[in-house]
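Written out below as structure tokens is the structure these notes cover.
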Amino acid sequence: MAFIEVSGVSKSFVSGTGVKRVLRDVSLAVERGEFASIVGAMGSGKSTLLSIVAGLARPDSGSVTIGGEQVRDVRADAAVVFQNYSLLPWFSALENVRLAVRAACPLLDRAAQLERSRSALEQVGLGNAIHRRPSQLSGGMRQRVAIARAFATNPALLFLDEPFGALDALTREALQQDLVRLCSSAARPVTTVMITNSVEEAILLSDWIIPMLPGPPATLGAPIRVHLSRPRSLAQLAHQEDATHVRAHVIATLTAALGGRIRRGLPRLDADAGMSIELATEETQ
Amino acid sequence: MARRRRDGGAGGAKPPGLKMKRVVNLILPTVGVGLAVLAWWGASVNVPDLPSPLRTWEESKLYVLEPLVKRGETDQGIALLAYYSLMRVAQGFLLGVVIGTPIGFLLGVSPILTRMFDPLMQVLRPISPLAWLPLGLVLFQKSEPAALFAIAVCSMWPTIINTMMGVRAIPQDYWNVAKVLRLSRTTTFLKIVVPATLPYMFTGYRLSLGIAWLVIVAAEMLTGTPGVGGFLWQEYNSLIYAHILLAIITIGVIGFVLDRLMGVVETRLRAA
């Protein structure tokens, strides 16, 4: 049995206009220490799936187990990074991180908590901005704080919900490299599930890429193995033949599903537009 | 060169538009007050019992120029009278806030409680202080606690409603943070719910204080306690109409200052 085991998960939302089926019979397995990315278009249900796996939401049917235990709540050894940073604006960067440290290690005294929070922020290059509030930080710096907050508790599980989606390309790449470094230098193996709409980002970071086939309800395609040596960089991946294969494979799977959807004439054109733009840029890179 | 300076580019000189704006900001309100005084004067010419602005000043200046002198129970300097009223308002307002804030939090987090008490609140909210005061007198037998009761009951609604709205407006992101960090209920309340609600709470406090100040006049009139409102009613009964106008102006100015002070606190909180 895999470390993270998602089997037969379905989820619907009831809204004013009726029942919206978001996920149907989704299954997924991630081994300990692996980095898995779920790639799909915006609005395809990726976030819903991640919040179910992370324990923020409950599935209607199916089950999620981590290390053999049923997931009912967010686990103590898990950390989540959201796209919109989710920092508390009334706290400084240091206090934001310390809140996590304090909750995770209540036995640690104040000085030790602060020291740990400070060193987590130094790890992401924010040593000289620890007393600034989120409003005084750029988007990239805010996400660094959020990443520091996640790693400060020394997590065994990391859930990333489009962590770099709101950042410009250069900042995005710098943070991706930071993330790679933090994952590899962590005290214990970190098992990561990331959702993203960037194929390139998924290839850069992951061991496995799982395409999310748009619905509604969405389903998962067959996992694609990313057998590329580490460390990787975007520049290097652009010229690597293996990377090109993976990219072609992922894009083919996603566009095939997308094509089917268009033929079926389903609504949600916004999601389609977002998808094709993202994929087009990926192909031209 | 002159042109560049006008653009604010050289020497750090303030743009001339700013100075002009300040002058205009000062002149326009002065003109407004002047027009109101003129209208008052016009009315006093036609209504024989209404004292003119000048006569009002002549008859009231003793109270204004010796604001802290106590000559009798209600015959006191205007600052002393205002002080009594403010103390009473402060007590009633604090009582309203102390009761209203926790109720607001409870209603904010619990949809069941909201549905249970919302109709009741809608019915109680529009009741005039003049209606609450006799009930207070029945309940407490004395005028002072009855006045506090009326102020507290009338002024707590904005605090309750704004605190409730503030809690409901907390973005899902913050609740997610609490869940992901596995914060305890107490920590979630103190570190997330209270700071997120604070700006709304203070908007509520500001409105509540405004109402408390409105209620004080009615409360003092009906109970005859010393204060600006009591003074107003006593001078009406003594047919000294100039003092009514003095009391009215005092009430207005103090209400304005209170609102501005709360506004400053509120702005600071929103900026933080």
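No hydrogens, no waters, no symmetry mates; every other heavy atom, side chains included, goes into these values. Chain letters run A, B, ... following the sequence lines, proteins first, then strands; residues in each count from 1.
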ask   = Rounded to the nearest 0.5 Å, what separation is found between the OH atom of A:Tyr85 and the CG atom of B:Asp173?
value = 11.5 Å
ask   = Between A:Phe91 and chain B, which part of the residue has a heavy atom less than 4.5 Å away: side chain, backbone, both or neither?
value = side chain
message = Can you tell me which portion of B:Ile192 sits under 4.5 Å from chain A's heavy atoms? Options are side chain, backbone, both or neither.
response = both
task = Look up atom NZ in B:Lys191 and atom CG in A:Leu99, then write down how far apart they are to the nearest 0.5 Å.
result = 7.0 Å
key: Region of A:Ala100 in contact with chain B, defined by heavy-atom distances below 4.5 Å   = both
query = Between B:Arg182 (side chain) and A:Ala103 (backbone), is there a donor-acceptor pair under 3.5 Å?
reply = no
key: Exercise: identify the closest heavy-atom pair between A:Leu56 and B:Lys179   = O-NZ, 2.9 Å
message = Need one label for A:Ala54: side chain, backbone, both or neither, based on atoms under 4.5 Å from any heavy atom in chain B.
response = neither
task = Assess whether atom CE of B:Met165 is packed by more than 12 heavy atoms of other residues, nucleotides or ligands within 6.0 Å.
result = no
inquiry  = Are more than 12 heavy atoms, taken from residues, nucleotides or ligands other than B:Leu28, located less than 6.0 Å from that residue's CG atom?
reply    = yes
request  = Check the surroundings of atom CZ in A:Arg75: do more than 12 heavy atoms from other residues, nucleotides or ligands lie under 6.0 Å from it?
outcome  = yes
ask   = Are side-chain heavy atoms of B:Tyr174 and A:Pro89 found at a separation under 4.5 Å?
value = yes
key: A:Leu87, part contacting chain B, at a heavy-atom distance under 4.5 Å   = backbone
ask   = In terms of heavy-atom pairs under 4.5 Å, which option from A:Ala76, A:Ala104, A:Ala79, A:Ala150 contacts chain B the most?
value = A:Ala76
message = Within this structure, what is the CG-CG distance for the pair A:Leu88 and B:Leu181, rounded to the nearest 0.5 Å?
response = 8.0 Å
ask   = So, for B:Val180 and A:Val80, which heavy atoms are closest and what is the spacing to 0.1 Å?
value = CG2-CG2, 3.6 Å
